[in-house]
Each structure stands twice: as C-alpha cells, then as structure tokens.
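Have a look at the structure below, then the notes.
All values below were derived from every heavy atom in this structure, side-chain atoms included, with hydrogens, water molecules and symmetry-related copies excluded. Sequential numbering from 1 along the given sequence is applied to the chain's residues.
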Amino acid sequence: MLMGKRKKKGKTAYDESLPRIFIWSGFDVFVSLLIICVGLGLIAFFCNRLDVDGIKLMPWCFLMVVSVSYALPMMSLLKVWRQERILGVYWKDRTDQDRPAQERDWYLAYNRGGFLLCHRAYIQHILGAKVIRESTDLGHQDVYCLSFEDICGKKHTLKFSSSNERKQFQQWYKK
C-alpha cells in the first residue's frame, strides 16, 4: 500500500451542482411519463390510428411530460435562488462538503417530487410542526409539515413525506 494513495470518497448529492440537482430531482417522474407517452404512441401506431393529427400530438405530449415532471423542481429552484439572493451565500461557493451532513450549512433532500435545499442562516427559528392528512386519488396520505420564519420575517411551510425526514431536518437545524 502506498502512503500517498488517498481513499476514494463516494460522491454524494452535496457534490453536485444546482442544475444537476434540479435535473435529477424531476428525472424519475420525467422517465415515467415519457414511457407512458411512448407506449401510447406505439399503441396508436400498431392500431393504425396514427394520422397527421396523431403525429402533431407527439411533440405536444413531450412538452407536457417535461413541464409536468419539472414543475415542482422548478419551484424548489426558485426558492433556492431567492435564498441565495437574500443571504448572499451561494450553493456553488460552499466549502463544507467534507463535513458530516448534520454540520453542513446547506440541507439537501429529494422530497415529494422536488428537492429541498435550505441554508441554516436563512431560518430565523422553527415555529412548529404538524401532520396533515391529504386526500389523493389513491386514498389518504399523511404529510408532515414544519413551519419556520426566515430572516426577513416571512413564514414558510416545508412538507415532508415522513416524520423521520422532518425530524432529520429539525436535528440538522439544531446543530
């Protein structure tokens, strides 16, 4: 074993750029919807139902897939840009990638079809937490909410898929 040889560190989401985080956060939904559109196109093709109007429908279907799959990540990205502008601290300038997740200034999680990226200095204090039961087409789902006040005095609510994710965020903020 060579003394100068360093251990290779696994790459994490914290090593990614903001555009890559945006792309990967909507990628699962994008691929799923794209497979559905391609399947519908193949069914139309093999059933001889693909005419001129059907061909015109395919680009529209692709645009809808992109817009639907990246709507939530776009909202997340806009929130991050707002934080960066207010704080003057940018994701690309971070230097704490080698620290444990609890000690980093930025909290990153892929959650509910988008991503959550929040800087510790942006949060003034946590106001409270609660569970909301949302009705969906498939039944009921519990959503774990956390309210906080930012440094400008504006109140925000973060939604998590599980209580463990919410607790992780609260523990990160406490340290």
Side-chain angles (χ1 to χ4, degrees), residues 1-33 68-136 138-175:
M1 213 164 150
L2 296 172
M3 295 294 283
K5 195 173 186 178
R6 297 174 67 187
K7 290 182 183 178
K8 288 188 178 181
K9 184 183 141 192
K11 194 170 184 178
T12 66
Y14 282 93
D15 298 321
E16 299 292 344
S17 66
L18 195 53
R20 285 188 66 110
I21 291 170
F22 169 76
I23 289 169
W24 284 110
S25 66
F27 191 72
D28 293 342
V29 176
F30 173 75
V31 169
S32 301
L33 292 175
V68 167
S69 60
Y70 283 103
L72 287 174
M74 180 54 79
M75 290 174 25
S76 299
L77 187 62
L78 293 173
K79 290 176 185 178
V80 172
W81 285 342
R82 183 175 186 268
Q83 279 183 52
E84 288 179 335
R85 186 178 45 83
I86 289 171
L87 290 173
V89 177
Y90 297 91
W91 172 255
K92 66 180 178 180
D93 298 333
R94 69 199 179 285
T95 58
D96 58 355
Q97 293 96 320
D98 294 333
R99 288 182 177 167
Q102 296 296 329
E103 296 176 10
R104 294 183 181 135
D105 291 332
W106 288 94
Y107 180 83
L108 174 62
Y110 293 100
N111 192 17
R112 296 178 46 88
F115 65 95
L116 171 62
L117 186 58
C118 190
H119 195 277
R120 193 182 310 269
Y122 183 68
I123 301 171
Q124 182 81 16
H125 61 278
I126 293 179
L127 300 173
K130 62 182 174 180
V131 179
I132 299 174
R133 179 164 230 133
E134 288 185 348
S135 295
T136 64
L138 302 174
H140 297 287
Q141 176 183 359
D142 289 339
V143 177
Y144 300 86
C145 299
L146 182 87
S147 299
F148 72 91
E149 186 176 326
D150 68 11
I151 59 174
C152 299
K154 187 174 179 185
K155 295 178 183 174
H156 301 273
T157 301
L158 300 175
K159 294 182 179 181
F160 297 93
S161 301
S162 71
S163 63
N164 288 337
E165 292 173 357
R166 183 185 69 198
K167 288 176 185 175
Q168 272 184 326
F169 182 84
Q170 287 174 309
Q171 288 173 350
W172 165 80
Y173 177 69
K174 288 178 184 176
K175 293 192 177 196

Between atom [atom1] of [X] and atom [atom2] of [Y], what is the distance when rounded to the nearest 0.5 Å?
| X | Y | atom1 | atom2 | result |
| --- | --- | --- | --- | --- |
| His156 | Phe148 | NE2 | CZ | 5.0 Å |
| Thr95 | Asp105 | OG1 | CG | 7.5 Å |
| Tyr110 | Leu117 | OH | CG | 9.0 Å |
| Thr157 | Ile132 | OG1 | CD1 | 7.5 Å |

*Please step through side chain to side chain contact (heavy atoms under 4.5 Å, CB included) for the pair Phe115 and Leu72, ending with a clear verdict.*
CA-CA 8 Å; Phe115 65 95; Leu72 287 174; over 6 Å; no
Contacts under 3.5 angstrom, residues 162-172 side chains, donor-acceptor by atom type, not counting sequence neighbours:
residue, atom, partner, partner atom, Å
Ser162, OG, Glu165, N, 3.3
Glu165, OE1, Ser161, N, 3.2
Trp172, NE1, Arg104, O, 2.8

*asked:* Once side chain to side chain donor-acceptor pair (under 3.5 Å) is applied, what residue pairs with a partner in residues 73-92 remain, sequence neighbours excluded?
replied: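 For residues 73-92: Arg82-Tyr122.
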*asked:* Pair Ile123, Asp150 - check side chain to side chain contact (heavy atoms under 4.5 Å, CB included), show working.
replied: CA-CA 5 Å; Ile123 301 171; Asp150 68 11; over 6 Å; no
List the atom pairs, donor and acceptor, that lie under 3.5 Å between side-chain atoms in residues 18-31 and the rest of the protein, sequence neighbours left out.
residue, atom, partner, partner atom, Å
Arg20, NE, Glu16, OE1, 2.7
Ser25, OG, Ile21, O, 3.3
Ser25, OG, Phe22, O, 2.9

_For Phe160 and Leu146: C-alpha separation, side-chain torsions, deciding distance, then whether side chain to side chain contact (heavy atoms under 4.5 Å, CB included) applies._
CA-CA 8 Å; Phe160 297 93; Leu146 182 87; 4.0 Å; yes
*asked:* How close do Leu127 and His125 get, counting heavy atoms only, and between which atoms?
replied: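 Shortest heavy-atom separation between Leu127 and His125 comes out as CD2-NE2, 3.3 Å.
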*Non-hydrogen atoms of Ala121 and Ile151 that approach each other most closely*: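 Reported closest heavy-atom pair: O-CG2, 3.0 Å.
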*Determine, stepwise, if the pair Cys152 / Ile86 fulfils side chain to side chain contact (heavy atoms under 4.5 Å, CB included).*
CA-CA 9 Å; Cys152 299; Ile86 289 171; 3.9 Å; yes
